[in-house]
Amino acid sequence: MEPSDRSRIPALILRPLAAPPPSNRFGAWLMRNQVHPVGPETADPGGSTHSWWKVMCLTGVDYFSTLSYLPSIAIVAAGALSPLATLVIVVLTLLGMLPMYRRVAVESPHGQGSVAMLERLLPFWRGKVFVLVLLGFVATSWIITITLSSADATVHLLENPAAPEFLRGLAVPVTIGFLLVLGGVFLLGFREAVTIAIPLVGVFLLLNGIVIVVGLVEVVAEPDAWANWLGALRLDEGGPGDILGPVLLAFPLLVLGLSGFETGVSMMPLVASRGQTPEERLASRVRNTRRLLTLAALIMSVYLLASSVVTTVLIPAEAFDEGGPANGRALSYLAHEYIGNGFGNVYDLSSIFILWFAGASAMAGLINIVPRYLPGYGMAPEWSRAVRPVVLVYTGLSILITIGFRASVDAQAGAYATGILAMMVSAAAAVTVSAARRRERWGIVGFGALTIVLLYALGANIIEKPDGIMISALFIGGIVLVSLVSRVSRTTELRVEGVEFDEAARQFIADSIAFDGALNIVANKPQSSGHGSYAEKENEQRGMNPVPGTADVLFLEIEVVDPSSFRDTLHVRGVEVGEFRVLHARSPAVPNAIAAILLALREATGLRPHAYFEWSEGNPVGHLLRYLLLGQGDTAPVVREILRESEPDAARRPGIHVGGG
């Protein structure tokens, strides 16, 4: 055949994979905004980028907003030792977390974070299951970010002296109102988050700076307050254990002050970069992200330590009791007490907005979790790509958690810390393994020690606040259950983005059509090799199936690679073994690949291909389990079912013939 005849067969056949759009108006509106199902290796988000300091502000609505409630949590957890416990967090931030996440930015520069780093270390199903568990912790931390931030926004609203009296005691309804407004904003469409974050963070840091400076002045001006705090420490009545014990016990709850690092690296695709080549631009993005992480850590460290000192020294301990005026709002209490209600009202308003927006930042992260990982595993339903249905699910979960915790900031701190610590442990483990692979002795020692410290914090937090691991377990169980059900229900999808034929494969197809005007395909296991095995296979098929006597035959072989994967583009190569011609492809699942290739052949040639199989020996249930886990089993029935679902017109459906006894 002339090369011009071969060129009539397209090299790439794309298959439409999306479900038909909803026919009713509400369904169309609900499914309108889709999150592109990018994979973990996506380099760019396809949207606009911003200067690194602007992206730091978007990270800061989550990270910096913890100043609204963290000093209160520190005092509740450590009492008069709160500044010392906070100092431990600051040291860990600058000497542990910052170097660790600067390294994560280098090794996972496209926004995947430590989850993807560990995913690459574990092949096949082990990696997928591990990611599902980590996603449960990620969902825990970000859902609780939404509920805890909204609850603290409610505290700042209800404890404000100007708040209407009828709202007193209505923390749960008010918090649910904040959550509904947040969900409503995302249902309408949430854009320009960076632009909104800049003034929110700038004003919030400015107001907190004023409160802290005024507080420090008061500490210096009131020696009695300083003396009372030193007396509360009772440094002269006990040994180091009397200090170290409470500090270590408080440490796990104070990791809320480390919440911004994972968010920071996840937003790397938004960071602007410069360079002439992709490599230069990527290196620039990494440098800018590391600047982002460093500046955010320095700002937060200064604010955390200073705020801990002024709130501990100046606020009476009983004010932090549940329902007390400083519970969940220590800096706000100081703003009203020492600067005045006018300034305090402005501070509360700023806190309410940034806390609400911290929930928006977490919601944006949650929306990106499902399309980034689960669809690539075949473990999420099709509607999970749409923003609005996912927002409804997350909003509903947030409302249930708010009711369960009664909108209490202190009660939710344990669950929040559990999710954050699990992510930090995964990051520490990932960079430790990375250092070990590079044989960096000091990196192994340093990051290994950090891993141990974070594991201690996670274990202590679980013991002290078991509700956190229970919430995480519910999220993990829910994600795993939904993922498995989705994977089983989607087994008969076509599951390919496209089919690409190389030059030799296109030549084989063109020659076969030129011989008899038809396409007859014999399915063969790739381990059968050599001239004799192909001749034997062809004779068997001609004897057990209705292969026309003079028909030209092409062999089709699928090599299984990583059966835990779901979608891919099939690359079909043409291979000659003596006089036999073989179409060879690699795929996570044999039946889905065969069905996709048969449909691609039909689209490329206009002919209805016929494929020939023989029945497999063994138990059908066993074959089904092998197919679900290993991508292969009794192939013919599954191929036929995939074709039936993909092509409703039986007359156009590729023919499947099965013989043998």
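Positions are given from 1, in the same order as the sequence printed here.
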(message) With side-chain contact (heavy atoms from CB on, under 4.5 Å) as the criterion, how do Phe261 and Val265 come out once you've worked through the C-alpha distance, each side chain's angles and the decisive distance to 0.1 Å?
(response) CA-CA 6 Å; Phe261 286 102; Val265 294; over 6 Å; no

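- Remark: Phe137 engages no residue in a ring-ring contact (aromatic ring centres under 6.0 Å, His included) (not counting sequence neighbours).
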(message) side-chain contact (heavy atoms from CB on, under 4.5 Å), that's the test. Do Ile558 and Ile597 meet it? Break it down for me.
(response) CA-CA 10 Å; Ile558 307 298; Ile597 291 171; 3.9 Å; yes

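- Nearest approach of Pro654 to Leu599, heavy atoms of both residues: CD-CD2, 3.8 Å.
- Counting only heavy atoms from C-beta outward, the side chains of Phe508 and Glu576 approach each other to under 4.5 Å.
- Among Asn520, Thr605, Asp552, the single residue meeting the side chain to side chain donor-acceptor pair (under 3.5 Å) criterion with Ser512 is Asp552.
- Taken to the nearest 0.5 Å, the CZ atom of Arg602 stands 11.5 Å off from the CG atom of Leu607.
- Nearest approach of Val499 to Ala596, heavy atoms of both residues: CG2-O, 3.9 Å.
- One finds the CZ atom of Phe475 at 12.0 Å from the OG1 atom of Thr418 (value rounded to the nearest 0.5 Å).
- Looking at Arg581 and Asp511, their side chains come closer than 4.5 Å, going by heavy atoms from C-beta outward.
- For the atom pair OG1 (Thr432) and CE (Met100), the distance works out to 8.5 Å, reported to the nearest 0.5 Å.
- Taking the six-membered ring for Trp and thresholds of 30 and 60 degrees, Phe555 and Tyr534 have ring planes more than 60 degrees apart, a perpendicular arrangement.
- The side chain to side chain contact (heavy atoms under 4.5 Å, CB included) with Phe613 is formed by just one residue from the set Val522, Asn524, Ile594, Ile521; it is Ile594.
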(request) Let me see the working for Tyr101 and Met424 under side-chain contact (heavy atoms from CB on, under 4.5 Å), right down to the final yes or no. (result) CA-CA 9 Å; Tyr101 277 99; Met424 292 176 180; 4.0 Å; yes

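- Considering only heavy atoms from C-beta on, Ile642 comes within 4.5 Å of Ser646 through its side chain.
- Closest of all the heavy-atom pairs between Val138 and Ser141 is O-OG, 2.9 Å.
- Rounded to the nearest 0.5 Å, atoms CE (Met268) and OG1 (Thr289) are 3.5 Å apart.
- Remark: the Thr140 side chain and the Ser472 side chain contain an N/O donor-acceptor pair separated by less than 3.5 Å.
- Within the model, atoms CD1 of Ile469 and CG of Leu458 stand 6.5 Å from one another, a figure rounded to the nearest 0.5 Å.
- Counting all heavy atoms, side chain and backbone alike, Phe515 lies closest to Ala551 at CE2-C, 4.4 Å.
- Judged by distance alone, the side chain of Thr395 and the main-chain N or O of Val391 form a donor-acceptor pair under 3.5 Å.
- The closest donor-acceptor contact from the side chain of Arg586 to the backbone of Glu559 lies at 3.5 Å or more, if one exists at all.
- When every heavy atom of Ala611 is checked against every heavy atom of Leu598, the shortest pair comes out as CB-CD1, 3.8 Å.
- A side chain to side chain contact (heavy atoms under 4.5 Å, CB included) with Val572 holds for exactly one of Ile509, Leu601, Leu583; it is Leu583.
- When all heavy atoms of Ala505 and Arg573 are compared, the closest pair comes out as CB-C, 4.0 Å.
- Enclosure of atom CZ in Arg281 by more than 12 non-hydrogen atoms of other residues, nucleotides or ligands within 6.0 angstrom is indicated.
- Between the side chain of Thr277 and the backbone N or O of Glu280, at least one donor-acceptor pair lies under 3.5 Å.
- A distance-only check finds a donor-acceptor pair linking the side chain of Arg388 to the backbone of Leu187 [under 3.5 Å].
- Classification of Arg644 and Glu641 as a salt-bridged pair holds, one side-chain N sitting under 4.0 Å from a carboxylate O.
- Using a 4.5 Å cut-off on side-chain heavy atoms (C-beta onward), Leu570 and Glu500 make no contact.
- Leu179 CG to Ser398 OG: the interatomic distance, rounded to the nearest 0.5 Å, is 5.5 Å.
- Arg653 and Glu647 are not joined by a salt bridge, as no carboxylate oxygen comes within less than 4.0 angstrom of a charged side-chain nitrogen.
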